[in-house]
Amino acid sequence: MDINILRHSASHIMADAVKQLFPDVKLGIGPAVENGFYYDFERKTPFVPEDLKEIEKKMHEIVKADLPFKKEQMPKEKALELFNKMGEQYKAELIKDIPDKEVSIYTQGKFTDLCRGPHVSSTGEVKVFKLLSIAGAYWRGIDTNPMLQRIYGTAFETKKELDDYLKLLEEAQKRDHRKIGKELEYFSMHDEIGAGLILYHPKGGLLRTIIEDWEKREHLKRGYQIVIGPHISKSDIWVHSGHYENYRDLMYIFEIEGQEYTVKPMNCPGHILIYQSKTRSYKDLPLRFFELGSVYRYEKSGVLHGLLRVRGFTQDDAHIFCLEEQVVDEITAVIDFVSYAMKTFGFNEFMVEISTRPPKSIGSDQMWKRAQDALTAALDKKGLKYQICEGEGAFYGPKIDIKLKDAIGRFWQCATIQCDFALPERFNLTYVGQDGKEYRPVMLHRVILGSMERFIGALLEHYAGALPLWLNPVQVAVIPITDKEKAYAEEVKKRLSENDIRIELYGQNETLNYKIRQAQSEKIPYMLIVGAKEASDKTVSVRARSGKTEGQIKLDDFIDRALKEIQRHG
RNA sequence: GCCCAUGUGGCUCAGUCGGUAGAGCACGUCCUUGGUAAGGACGGGGUCACCGGUUCAACCCCGGUCAUGGGCUCCA
């Protein structure tokens, strides 16, 4: 059976139950969605969590009654009359927008709904379901429309599938980067600093440094040049670029001595100015400018979410200026870079999307077509499958988005590649061709990890906080059993530090068990336990984060092993 | 920005039909020197997010603000 049909039927049963319990509600829509279903209702007083239990109870009654879903086809006018009579103004509005002459309605028991169908044959088939949450949602998703009350639920064919799904939700909650970030002291946010602004604690700062160092090395290897721009600028540059017109409301703007300034919301114009700082020849291209660029955007308060949606963030941003005939190769190289990055950071699967021209955009149709053709050509060359998202592109060009699949199957938007024929036009960028004439370069915008913030959030959730050795801010905990081994513990610390292994010495006056527990809950990859035996033999006893222990091994052997593991990014 | 919920020591949370608060963990001191996930005792720490109102009296009731969470809309 198609799970979506089951869920759609479950949503009708829920609406039926809600109507029975709260006759004054008006129906919105109730489709099946990715992991379940929802139904929107207009109601003066919002639903409360206790209502969900009552609604579920009523739903079980409806299921038990095993009422058949009856389909009826009728002319639009008749349906309109029917739903108007029922006082369902939202349904009436939907009917008016249906282009066909006839519409179908479904009825189970006393509940009738406008619906394309299909449905299961009777309510008795919907045995396994659960209501999950209450939320507000705009009628038809338009923010000037009234806000309806939405109830989310899910349904499955078997109890086991439902239990597995609930377990997955629980697991996701355990991995929540906000929880882990706090527990493991990676970062924090503060009322006094402001919403969406991140304070990195020592461990978060170190993790970011490790990632940023990796980025710089890898970019230099691939022919990028590192550039750095200021965090504020006069507004003029954004007027020139067109961002001012499109995104003024989302920019931090302030005034100094009558001159308007903005906090940088993007890195591209800076890179463009660097490009323009001298006459460029076709021989210079491609030029690849890379910047770990911190940008600030005044995102609406309601969209902020942990590290995933913030107001201040640092992109691993680069702009590639190239000849049109180099575009496909450049995009291909970026895709290779992304694959390498993903593998390095431990993500094994990904999904690709192409987004096309949005309603609000600049540039000619011809430019958009050429840009999009270049993107698809590169993906085809790599043999990658992709989905097309109509109208989801940036205002200056189409883009490729790459989403990483994490350890529990969720997707994270990180890398994007955007093809831009528009900004070079707007800034009148040129290069001198072989014939001595001026030509327009193509500009590619791209990020590999996206933003440090979001990527760190993704990493923490992917690994549930247990970062691999090369990324973990603390790689080794040295745990002396008693104070008598302190001198040897210091020696071990020194030897590891000399080899650039990041260690923490657990020297407190506590029991061995206690210290192991601490190191374990901090998710430190290796614990080296040193007692009298180890001190006299110059060895360490190794306990891995997994709980696996091994007897004494030579300190040098451990260092060797650890360095190798770090090298292969384990 | 919109709808709903939440905001109590560093953390997790309890509590008061309105009479200025409590636990565990963490922290400090002392005792304990212990072989692979919590040794013991004592102690310090909160103007109950902020501002205003009602009241003899507000952490608790009302209004506003800020922040967080679940969604919607949005994401150059």
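Order of the sequence lines sets the chain letters (A, B, ...), proteins ahead of strands, with each chain counted from 1.
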**Q** Using a cut-off of 4.0 Å on non-hydrogen atoms, how would the nucleic acid contact of A/Glu42 be classed: base, sugar-phosphate, or nothing?
**A**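 If one applies the 4.0 Å heavy-atom cut-off, A/Glu42 turns out to touch nothing in the nucleic acid.
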**Q** Applying salt bridge (Lys or Arg N to Asp or Glu O under 4.0 Å), can you list everything that pairs with A/Lys533, at least two apart in sequence or on another chain?
**A**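 Applying salt bridge (Lys or Arg N to Asp or Glu O under 4.0 Å) to A/Lys533 gives none.
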**Q** For the aromatic rings, using the six-membered ring if either is Trp, is the centroid distance between A/Phe187 and A/Tyr200 under 6.0 Å?
**A**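 No, they do not, as the ring centres are separated by 6.0 Å or more.
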**Q** Can you name the side chain to side chain donor-acceptor pair (under 3.5 Å) partners of A/Glu490, sequence neighbours left out?
**A**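 Expected list: none.
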**Q** Could you check, using the six-membered ring where one of them is a Trp, whether A/Phe558 and A/Tyr526 have ring centers closer than 6.0 angstrom?
**A**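 Here the rings of A/Tyr526 and A/Phe558 have centres that are less than 6.0 Å from each other.
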**Q** Return each pair, listed once, that meets salt bridge (charged side-chain N to carboxylate O under 4.0 Å, His left out) where at least one residue sits in residues 184-202 of chain A; pairs must be two or more places apart or across chains.
**A**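 Residue pairs passing salt bridge (charged side-chain N to carboxylate O under 4.0 Å, His left out), neighbours aside: none found.
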**Q** Need one value for A/Leu250: base, sugar-phosphate or nothing, where a base atom within 4.0 Å counts as base even if backbone is also close, heavy atoms only.
**A**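 Contact class for A/Leu250: base.
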**Q** Tell me yes or no: between the side chains of A/Gln518 and A/Tyr506, is some donor less than 3.5 Å from an acceptor?
**A**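 No, no side-chain donor-acceptor contact under 3.5 Å.
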**Q** Enumerate the protein-to-nucleotides 40-47 of chain B contacts in which both atoms are nitrogen or oxygen and the separation is below 3.5 Å.
**A**
none

**Q** For B/A76, take OP1 and OP2 only and decide whether either is under 4.0 Å from a side-chain N or O of A/Lys399.
**A**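 Yes, because at least one side-chain N or O of A/Lys399 sits under 4.0 Å from OP1 or OP2 of B/A76.
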**Q** With a 4.0 Å cut-off on heavy atoms, is A/Ala532 in touch with a base, just the backbone sugar-phosphate, or nothing at all?
**A**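 Result for A/Ala532 = base.
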**Q** Any base atoms under 4.0 Å from A/Pro265, or only sugar-phosphate, or nothing? Heavy atoms, all strands.
**A**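 Touches a base.
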**Q** Could you please name the option among B/U33, B/C72, B/G70 that lies closest to any side-chain atom of A/Thr482?
**A**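 The listed nucleotide nearest to A/Thr482's side chain is B/U33.
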**Q** Go through the N and O atoms of the side chain of A/Arg150 and the base of B/C4, and report whether any donor-acceptor pair is under 3.5 Å.
**A**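 Answer no: no donor N or O sits under 3.5 Å from an acceptor.
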**Q** So, do A/His319 and A/Tyr224 sit near enough that their side-chain heavy atoms are less than 4.5 Å apart?
**A**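 With C-beta onward as the side chain, the pair stays apart.
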**Q** Tell me, which of residues 536-551 of chain A have any heavy atom that sits under 4.0 Å from an atom in RNA chain B?
**A**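 Contacts with RNA chain B under 4.0 Å: A/Ser541, A/Arg543, A/Thr549.
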**Q** Quick one: which residue pairs count as a salt bridge (charged side-chain N to carboxylate O under 4.0 Å, His left out) with a foot in residues 443-461 of chain A, not counting sequence neighbours?
**A**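 Every salt bridge (charged side-chain N to carboxylate O under 4.0 Å, His left out) pair that includes a residue of residues 443-461 of chain A, provided the two are not neighbours, is A/Arg208-A/Glu453, A/Arg410-A/Glu461.
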**Q** Expressed in angstrom and rounded to an integer, what is the separation of A/Tyr506 atom OH from B/A38 atom P?
**A**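 Value for this atom pair: 15 Å.
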**Q** Centre-to-centre under 6.0 Å for A/Phe129 and A/Phe37, is that the case here?
**A**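 Between A/Phe37 and A/Phe129, which both carry aromatic rings, the centre distance is not below 6.0 Å.
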**Q** According to a 3.5 Å limit on both distances, what stems of 3 or more consecutive Watson-Crick or G-U pairs are formed with RNA chain B?
**A**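 As far as RNA chain B goes, consecutive pairing (with distances under 3.5 Å) yields the stems B:1-7 with B:66-72, B:10-13 with B:22-25, B:27-31 with B:39-43, B:49-53 with B:61-65.
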**Q** Backbone N or O of A/Asp401 within a donor-acceptor pair of the A/Gln413 side chain at under 3.5 Å?
**A**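 Answer holds: no.
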**Q** Quick check on contacts: within residues 137-147 of chain A, what sits under 4.0 Å from RNA chain B by heavy-atom distance?
**A**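 Listed by number, they are A/Ala137, A/Tyr138, A/Gly141, A/Asp143, A/Met147.
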**Q** Does the ring center of A/Tyr275 lie less than 6.0 Å from the ring center of A/Phe427?
**A**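 Not under 6.0 Å, so no.
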**Q** A/Lys19 vs A/Leu27, test: side-chain contact (heavy atoms from CB on, under 4.5 Å). Steps then yes/no.
**A** CA-CA 9 Å; A/Lys19 267 291 200 185; A/Leu27 299 174; 4.1 Å; yes
**Q** Report the distance from atom CD1 of A/Ile479 to atom P of B/G34, rounded to the nearest whole Å.
**A**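 Distance, rounded to whole Å: 17 Å.
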**Q** Check whether any side-chain heavy atom of A/Ser364 sits under 4.5 Å from a side-chain heavy atom of A/Phe421, and report yes or no.
**A**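 Not touching, per the 4.5 Å side-chain cut-off.
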**Q** In whole Å, what is the span from the CD atom of A/Gln418 to the P atom of B/C75?
**A**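 Going from A/Gln418 (CD) to B/C75 (P), I get 12 Å.
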**Q** Categorize A/Gly306 for me: base, sugar-phosphate, or nothing, with a 4.0 angstrom heavy-atom threshold over every strand shown.
**A**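 The residue A/Gly306 makes sugar-phosphate contact but no base contact.
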**Q** Ignoring hydrogens and angles, does a donor from either the side chain of A/Gln149 or the base of B/G71 sit under 3.5 Å from an acceptor on the other?
**A**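 By the distance-only test, no, there is no pair.
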**Q** Within the structure provided, determine whether A/His243 and A/Tyr396 are in side-chain contact (heavy-atom separation under 4.5 Å).
**A**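 Counting from C-beta outward, A/His243 and A/Tyr396 do come under 4.5 Å.
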**Q** Between the protein and nucleotides 12-14 of chain B, which nitrogen or oxygen pairs come in under 3.5 angstrom?
**A**
residue: B/U12; atom: OP1; partner: A/Lys182; partner atom: NZ; Å: 3.4

**Q** Considering heavy-atom distances to RNA chain B, does A/Ile529 or A/Tyr298 have its closest nucleotide positioned more toward the 5' end?
**A**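 Final value for this comparison: A/Tyr298.
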**Q** Given B/U36, is OP1 or OP2 found less than 4.0 Å from the side-chain N or O atoms of A/Asn513?
**A**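 Negative; the distance criterion is not met.
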**Q** Can you tell me if A/Arg545 uses its side chain to pair, donor with acceptor, with the backbone of A/Lys523 under 3.5 Å?
**A**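 Yes; judged by distance alone, with no hydrogens or angles, the pair exists.
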**Q** Could you check A/Ser521 against A/Glu392 and say which one's nearest nucleotide on RNA chain B is further toward the 5' end?
**A**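 That would be A/Ser521.
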**Q** If the sugar-phosphate is the primed atoms plus P, OP1 and OP2 and the base is the rest, what is the B/S/- string for nucleotides 25-32 of chain B, using protein heavy atoms under 4.0 Å?
**A** -S----BB
**Q** According to a strict under-4.0 Å criterion, is A/His305 in side-chain N/O contact with OP1 or OP2 of B/C75?
**A**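 For A/His305, the contact criterion (side-chain N or O under 4.0 Å from OP1 or OP2 of B/C75) is not met.
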**Q** Quick check: do A/Ser233 and A/Thr262 have side-chain heavy atoms less than 4.5 Å from each other?
**A**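 They are in side-chain contact.
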**Q** What is the separation between atom CG on A/Leu52 and atom C1' on B/C4, rounded to the nearest whole Å?
**A**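 The answer, rounded to whole Å, is 12 Å.
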**Q** Determine if A/Tyr247 stacks with B/A76; use a centre-to-centre distance below 5.5 Å and an interplanar angle below 30° as the criteria.
**A**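 Stacking between A/Tyr247 and B/A76: present.
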**Q** Quick one: does A/Leu132's side chain get under 4.5 Å of A/Asn35's, heavy atoms only?
**A**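 Of all side-chain heavy-atom pairs linking A/Asn35 with A/Leu132, none is under 4.5 Å.
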**Q** Take atom CD1 of A/Ile524 and atom C1' of B/U36, then tell me their distance rounded to the nearest Å.
**A**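 After rounding, the gap between these two atoms is 15 Å.
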**Q** Checking A/Glu534 against A/Ser541 for the side-chain hydrogen bond (donor to acceptor under 3.5 Å, both in side chains) test, could you report, in this order, the C-alpha distance in whole Å, the side-chain angles of both residues, the deciding distance, and whether it holds?
**A** CA-CA 7 Å; A/Glu534 287 80 3; A/Ser541 285; 2.6 Å; yes
**Q** Is there a donor-acceptor pair closer than 3.5 Å between any side-chain N or O of A/Asp51 and the backbone N or O of A/Val48?
**A**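 Side chain of A/Asp51 to backbone of A/Val48: a pair is present.
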**Q** Mind jotting down which residue pairs meet the ring pair (Phe, Tyr, Trp, His ring centres under 6.0 Å) criterion with at least one end in residues 289-314 of chain A? Sequence neighbours excluded, please.
**A**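 Matches after skipping sequence neighbours: A/His219-A/Phe290, A/Tyr252-A/Tyr298, A/Phe289-A/Phe321.
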**Q** Pick out the pairs of N or O atoms, protein on one side and nucleotides 62-67 of chain B on the other, that lie under 3.5 Å.
**A**
residue: B/A67; atom: O2'; partner: A/Asp191; partner atom: OD1; Å: 3.1

**Q** Round to the nearest Å and state the distance from A/Leu148 atom CG to B/C2 atom P.
**A**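 My rounded result for the distance is 17 Å.
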